[in-house]
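The basis for the numbers below is simple: all heavy atoms, side chains too, and nothing from hydrogens, waters or symmetry mates.
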Amino acid sequence: AFGWIAIGSLSAALGFLPLFAGERADTITPPQPTEPLSSRIALLFPVYHEDPARISGTISAIVEELTSLGKASAFDIFVLSDTRGADAGVAEEAAYAALSRKLAGEAKVYYRRRIENTARKAGNIKDWVERFGGAYETFVIFDGDSIMSGVALARLARAMEKDPSAGLIQTVPKLIGGTTLLQKLMQFAANVYGPPTAAGLAFWSQDQGNYWGHNAIIRTAAFAGAAGLPHLPGPTPFGGHIMSHDFVEAMLLQRAGWGVHMAPSIEGSFESMPPALTDLIVRDRRWSQGNIQHLALITKPGVPGMGRMHLLMGALSYIVSAIWAGSLAVGLVLALQGQQLLPSYFTDSKTLFPIWPVIDPGAAMRLFLATMAVVLFPKALGLALEMKRARRARELFGIPRAVAGVTTETVFSMLFAPIMMMTQTSSVLQILLGRDAGWKAQRRDGAAMDLGQAIQFHWPHMLVGIVVTIVCWETSPGLLVWMAPVVLGLIFSGPLNWLTSQEAGPALTAVLSTPVDRS
């Protein structure tokens, strides 16, 4: 577990160095948007029970900016629906038909709804590639809550034209548009800690990077020829259609010799976050199943080394939570054992001196301080970059605001950590027991969570926190102090979910604001 967090901190450090020196972290050079485009690009919007008004607004904003750049004629828009139900389908068709008429003089908008939603989003994209992909050199995939500026799209399209060996270019979307406290916290963390982390990933992966499923441009011929997904043998959750398809598609492109690049410096790539912790956990459950599925591919012949690394890290991001939970459980058992069992001062063999129990609180404290230093290191790097940016921009109260924001986010992230540990451990155990996560529509926004609902959702976490608190207190008050960061998050998980699902107040909104919020 310590090694896992150390890898993340080292990666952030590798990304921090070029950023602090003012260098770009891209593994491919994105041209300026003023250069002319000679290719045809498709913008794909896979939807599954998404609000047509939201998607239509996104498309309209993109087309408006592309038109202002004189680039709209190079782009066609496809809304690819997997929505179930006749009523929902009719409403979607009417909404996108109206959008097509509205944008008729600027861009072409096509809508189609599949009869069978085989293989979910990956199958939706596969169907488009087979039926329509031959007419387009490249395509860009959006998510239900993502958007990209016309400038970013033009730069990506031109970069693909200039580098015929590039198969995929992934941007690093910034989180925007949040209103709840959870969304504000996540937006702040992504904007402050995200740049060195993304730059570090680009540094060590180079042209064998990863793909996150949206806000990326893909070469159609490369994708059609190399990225066909295998059907895993056996029943779900390990077998069947691959759920987290993006990591696998990036690996398949690498295997075929195509460059998979990251371009963190491209501005104008955005997405939003779920409004409440409950929605985040539901989505995380699906991701955990998809990432653990990748373990079946890691040992296959022909998988490139960097692709194997990306797949393994995706699976470990969930398995390590179970390792952490297991280590805490072992620690509690050992503490109870040390209190209840009399120490054995002599072994079965003859000895002149007793064997005294060895207790080294200094070693324990050194391990704790080292762990905290490694955990907080990426936050410190992000804070340093944000303070440098604020000083350069001469923002009034920029540096105090950055320090207050990092402090606030750190407190909440420490409370969230044991909750995510328990939910991810539960997900891993459910997957091992053969429970399938399914595929549910995602809530993008909505009313704040009721306190009773939050407590009902989190009562197992709260119960575990209370039980562990009692065990620690009965064993040793010092052990309770040691376990306080874990038990506090669990005991208050229900109220914490409720609190962070509310709209952020003016003070926290100001403290956790990002440059995009203030622009």
Side-chain angles (χ1 to χ4, degrees), residues 1 4-5 7-8 48 119-122 143 182 186 189 210 212-213 232 234-248 273-298 310-330 412-443 449 453-465 467-468 486-487 489-494 496-497 500-501:
W4 174 253
I5 59 173
I7 289 174
Y48 179 70
R120 306 179 175 96
K121 180 181 176 181
D143 210 355
L182 177 69
M186 296 296 182
N210 212 345
W212 302 328
L232 299 179
T236 57
F238 291 104
H241 296 290
I242 292 177
M243 296 183 69
S244 293
H245 56 91
D246 36 19
F247 280 38
V248 180
M273 280 290 295
L277 189 59
T278 305
D279 304 293
L280 187 66
I281 290 171
V282 170
R283 185 182 71 174
D284 201 58
R285 170 64 178 86
R286 186 176 72 247
W287 285 1
S288 67
Q289 179 172 326
N291 284 17
I292 290 176
Q293 269 186 326
H294 296 163
L295 294 175
L297 302 173
I298 289 174
H310 289 307
L311 295 177
L312 180 60
M313 290 181 70
L316 281 176
S317 64
Y318 293 94
I319 295 173
V320 165
S321 288
I323 294 173
W324 181 27
S327 68
L328 292 177
V330 169
F412 276 97
S413 66
M414 292 178 68
L415 293 173
F416 286 143
I419 303 172
M420 299 308 296
M421 173 197 68
M422 270 201 67
T423 57
Q424 291 178 350
T425 301
S426 174
S427 296
V428 171
L429 294 176
Q430 289 174 15
I431 293 165
L432 294 177
L433 293 172
R435 289 185 58 183
D436 184 19
W439 189 38
K440 302 177 180 67
Q442 187 169 312
R443 191 173 75 122
M449 176 170 289
Q453 291 176 320
I455 292 176
Q456 183 179 7
F457 183 83
H458 286 285
W459 73 262
H461 311 138
M462 299 172 70
L463 179 61
V464 168
V467 170
V468 172
V486 174
V487 297
L490 295 176
I491 291 173
F492 294 106
S493 56
L496 189 64
N497 190 348
T500 55
S501 72

Roughly how far, to the nearest 0.5 Å, is the OG1 atom of T425 from the CD1 atom of I323?
-> 9.5 Å
Hey, does M273 have a side-chain heavy atom less than 4.5 Å from the side chain of D279?
-> no
Side-chain contact, heavy-atom cut-off 4.5 Å: R285 with T423?
-> no
At what distance, to the nearest 0.5 angstrom, does CZ of F412 lie from CG of L182?
-> 10.0 Å
Beyond-backbone contact of S321 with W324, side-chain heavy atoms, under 4.5 angstrom | no
Can you list the residues that meet the side chain to side chain contact (heavy atoms under 4.5 Å, CB included) rule with W459, with sequence neighbours excluded?
-> L463
Any side-chain heavy-atom pair from L280 and M186 closer than 4.5 angstrom?
-> yes
Less than 4.5 Å apart, any side-chain heavy atom of V320 and any of I5?
-> no
Heavy atoms of other groups near W287 CH2, more than 12 under 6.0 Å | no
CG (L429) and CD (Q424) are apart, to the nearest 0.5 Å, by 12.0 Å
Approximate separation, where rounding is to 0.5 Å, of Q293 CD and M243 CE = 7.0 Å
Give me the ring orientation class for F457 and H461: parallel if the planes are under 30° apart, tilted from 30 to 60°, perpendicular past 60°.
-> perpendicular
Take T278 and N497 through the test side-chain hydrogen bond (donor to acceptor under 3.5 Å, both in side chains) and record every step on the way to the result.
-> CA-CA 7 Å; T278 305; N497 190 348; 2.7 Å; yes
Interatomic distance, CD@Q430 vs CG@L432, rounded to 0.5 Å, equals 10.0 Å
Polar side-chain atom of H458 near backbone of I419 as donor-acceptor pair, under 3.5 Å | no
Counting only N and O atoms by type, is there a donor-acceptor contact under 3.5 Å from the side chain of S426 to the main-chain atoms of M422?
-> no
Given side chain to side chain contact (heavy atoms under 4.5 Å, CB included), test L328 with V468 step by step and report yes or no.
-> CA-CA 10 Å; L328 292 177; V468 172; over 6 Å; no
Decide yes or no on side chain to side chain contact (heavy atoms under 4.5 Å, CB included) for L415 and F492, but give the supporting numbers first.
-> CA-CA 8 Å; L415 293 173; F492 294 106; over 6 Å; no
Look up atom CG in L312 and atom CG in N291, then write down how far apart they are to the nearest 0.5 Å.
-> 11.0 Å
Residue pair G489 / P418: nearest heavy atoms and the distance that separates them | CA-CG, 3.9 Å
Give the minimum heavy-atom separation between H294 and S244, together with the two atoms involved.
-> NE2-O, 2.8 Å
Applying side chain to side chain contact (heavy atoms under 4.5 Å, CB included), run through V428 and I292 and close with a yes or a no.
-> CA-CA 8 Å; V428 171; I292 290 176; 3.9 Å; yes
For A315 and L295, the nearest pair of non-hydrogen atoms, with its separation, is CB-CD2, 3.7 Å
Take M313 and N210 through the test side chain to side chain contact (heavy atoms under 4.5 Å, CB included) and record every step on the way to the result.
-> CA-CA 11 Å; M313 290 181 70; N210 212 345; over 6 Å; no
Is atom CE of M462 surrounded by more than 12 heavy atoms (other residues, nucleotides or ligands) closer than 6.0 Å?
-> yes
